[in-house]
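By convention in this document, chain letters (A, B, ...) are assigned in the order of the sequence lines, proteins followed by strands, and residues within each chain are numbered from 1. Quick note: numbers below take in every heavy atom, side chains included, and nothing from hydrogens, waters or symmetry partners. It should be emphasised that the depicted structure is a prediction, and the values quoted were computed from it without experimental measurement.
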Amino acid sequence: MDPESVAQRLLGKLLVRIYQGARLSGYIVETEAYFGTEDPASRARKGGNLAKIMAGDVGIALIYGVHRQWLFNVVAHEPERIGAVLIRAIEPVEGIGIMKKLRGTSDLKKLTNGPGRLTKALAIDKSFHGKPVCKQSSLLRIEEGVKIHKVLIGRSYRIGVSKDLSKPFRFYIKNNPYVSR
DNA sequence: CGCCAGATTGACT
DNA sequence: GTCAATCTGGCGG
């Protein structure tokens with residue numbers, strides 16, 4: 001399936017991290033789709049390891065490091081193509097106390113409302129790079145969540161990229177307080 | 001191994 | 001709103 005469709009379908013799903021035996025989780029409320037050579041904002045555009053992973057098996061975690069943060073993506077694309085979905089924000093559900101400790105803040109609204117923030121709150125680092133997120137046994141996985149009605153899904157251009165495509169590829173749940181700024 | 005751009009965040013005016 | 005710290009990844013030498 002193409003990244004654009006997957007990005008929308010991931011909204012409302014539960015992102016689960018098993019951390020020291022405890023469940024940390026949150027509903028995915030904001031995503032962005034990234035492509036291959038035709039996407040000026042994608043690092044896969046220039047080839048390299050990231051492009052290889054983005055062209056490989058779907059449902060694999062891709063951890064991308066930038067600005068001293070880890071950004072969490074899931075590989076998703078059609079056969080013979082390149083693509084991934086960036087998870088930009090989640091709504092905290094389980095293990096909120098532990099997440100606050102990992103993030104070093106008690107402000108619930110700012111706990112996971114950004115790509116770098118949610119990886120810190122869930123203790124996601126490069127050790128998850130290349131690991132599957134669709135397996136029940138995985139320490140980092142995506143489970144069924146709540147169903148999001150189509151009319152509640154907003155769409156905009158991607159955030160923070162210097163050169164975007166001519167079509168908006170950011171998706172978020174409208175009126176949800178946990179989407180990024 | 002050095003160089004440089006960048007999918008961010010948090011502090012400060 | 002503005003600004004700079006800080007490090008990963010790709011590439012050239």
Side-chain angles (χ1 to χ4, degrees), chain A residues 2-11 13 15 17 24 26 28-56 58-77 81-92 96 99-131 133 140 142 153-173 176-181:
Chain A
D2 63 283
E4 185 178 359
S5 304
V6 174
Q8 293 171 75
R9 287 173 59 118
L10 281 176
L11 292 175
K13 293 260 194 303
L15 177 64
R17 162 83 163 106
L24 309 180
I28 296 171
V29 298
E30 186 181 353
T31 60
E32 283 180 1
Y34 283 85
F35 303 87
T37 51
E38 75 275 28
D39 186 349
S42 174
R43 299 228 90 173
R45 187 169 68 95
K46 292 180 179 174
N49 291 325
L50 288 174
K52 263 187 193 169
I53 291 180
M54 283 175 72
V58 298
I60 298 294
L62 186 160
I63 310 298
Y64 169 47
V66 72
H67 291 123
R68 103 165 171 278
Q69 322 285 338
W70 295 114
L71 309 188
F72 172 55
N73 303 249
V74 180
V75 177
H77 59 87
R81 305 218 60 205
I82 295 174
V85 176
L86 167 70
I87 310 300
R88 281 193 64 86
I90 65 176
E91 175 182 333
I96 293 174
M99 290 193 234
K100 283 180 177 174
K101 203 172 172 186
L102 285 166
R103 280 272 294 116
T105 177
S106 56
D107 189 336
L108 187 61
K109 294 260 167 61
K110 292 179 180 172
L111 209 51
T112 55
N113 66 334
R117 289 171 174 171
L118 78 86
T119 53
K120 199 171 179 190
L122 298 190
I124 296 171
D125 59 27
K126 209 180 176 183
S127 64
F128 288 100
H129 192 53
K131 300 265 177 67
V133 295
L140 179 65
I142 292 172
I153 297 178
R155 177 168 194 155
S156 79
Y157 285 97
R158 293 177 294 187
I159 292 181
V161 299
S162 50
K163 291 187 177 179
D164 205 352
L165 292 164
S166 55
K167 213 178 157 188
F169 284 110
R170 168 178 173 255
F171 305 95
Y172 59 95
I173 298 176
N176 187 293
Y178 300 98
V179 302
S180 65
R181 56 182 178 192

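When distances run from any side-chain atom of A:R117 to the nucleotides B:dT8, B:dG10, B:dA7, the shortest one goes to B:dG10. Which of B:dG6, B:dA7, B:dT9 sits closest to the side chain of A:H67 comes down to B:dG6.
If you find the closest nucleotide of DNA chain B to A:N113 and to A:V66, the one lying nearer the 5' end belongs to A:V66.
Side chains of A:Y157 and A:R170: no donor on one and acceptor on the other come within 3.5 Å.
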Open item on the list: Using side-chain hydrogen bond (donor to acceptor under 3.5 Å, both in side chains), reason through A:S127 and A:D125 one step at a time and then give a plain yes or no.
Closed with: CA-CA 5 Å; A:S127 64; A:D125 59 27; 2.5 Å; yes
TODO: Start with the C-alpha gap between A:S180 and A:E30, add the side-chain angles, then the distance that decides, and say whether side-chain hydrogen bond (donor to acceptor under 3.5 Å, both in side chains) holds.
DONE: CA-CA 8 Å; A:S180 65; A:E30 186 181 353; 3.0 Å; yes
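The backbone N or O of A:I159 sits less than 3.5 Å from a side-chain atom of A:E32, completing a donor-acceptor pair. A:R103 places a side-chain N or O within 3.5 Å of a backbone atom of A:K110 that can act as its donor or acceptor partner. For the pair A:H129 (side chain) and A:L62 (backbone), a donor-acceptor distance under 3.5 Å is absent. The backbone N or O of A:A33 sits less than 3.5 Å from a side-chain atom of A:R158, completing a donor-acceptor pair. Without hydrogens or angle criteria, A:Q69 side chain to A:G65 main chain gives no donor-acceptor distance under 3.5 Å. With hydrogens and angles disregarded, a donor-acceptor distance shorter than 3.5 Å links the side chain of A:T119 to the backbone of A:G116. The backbone N or O of A:L118 lies less than 3.5 Å from no partner atom in the side chain of A:T112, so there is not a single donor-acceptor pair.
For DNA chain B, the neighbouring residues in residues 102-112 of chain A, judged by any heavy atom under 4.0 Å, are A:R103.
The CD atom of A:E32 sits 14 Å away from the C1' atom of B:dG6 (whole-angstrom rounding). One interatomic measurement links the two molecules: OH of A:Y172 to C1' of B:dA7, which rounds to 18 Å at whole-angstrom precision. B:dA7 atom C1' lies 14 Å from atom CH2 of A:W70, rounded to whole Å. Regarding A:R45, its CZ atom lies at a distance of 13 Å from the C1' atom of B:dA7, rounded to whole Å. Rounded to whole Å, atom C1' of B:dG6 lies 13 Å from atom CG of A:L50. Following rounding to the nearest Å, A:R68 (CZ) and B:dT8 (P) show an atom-to-atom distance of 14 Å. Atom CG in A:L86 sits roughly 8 Å away from atom P in B:dT8 (whole-Å rounding). Put simply, CZ on A:R158 is 11 Å from P on B:dT8, counting in whole angstrom units.
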Task: Base-pair map of DNA chain B as dot-bracket, where | denotes pairing with a different strand and pairs are Watson-Crick or G-U under 3.5 Å - done: ||||||.|||||.
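Using a 4.5 Å cut-off on side-chain heavy atoms (C-beta onward), A:Y34 and A:V161 make contact.
Taking the ring centroids of A:F35 and A:F169, they lie under the 6.0 Å cut-off.
When DNA chain C is scanned in the 5' to 3' direction for atoms under 4.0 Å from non-hydrogen atoms of chain A, the outermost contacting nucleotides are C:dT6 to C:dC11.
Counting any heavy atom pair closer than 4.0 Å across all strands shown, A:N49 reaches sugar-phosphate atoms only and no base atom. A:S180 comes within 4.0 angstrom of no nucleic acid atom, judged by non-hydrogen atoms across all strands. Nucleic acid contact for A:V161: sugar-phosphate only, since backbone atoms but no base atoms lie under 4.0 Å from a heavy atom of the residue. Heavy atoms of A:R88 sit under 4.0 angstrom from primed sugar atoms or phosphate atoms, though from no base atom.
Aromatic stacking is not marked for A:Y64 over B:dA7, as the cut-offs of 5.5 Å for the centres and 30° for the planes do not both hold.
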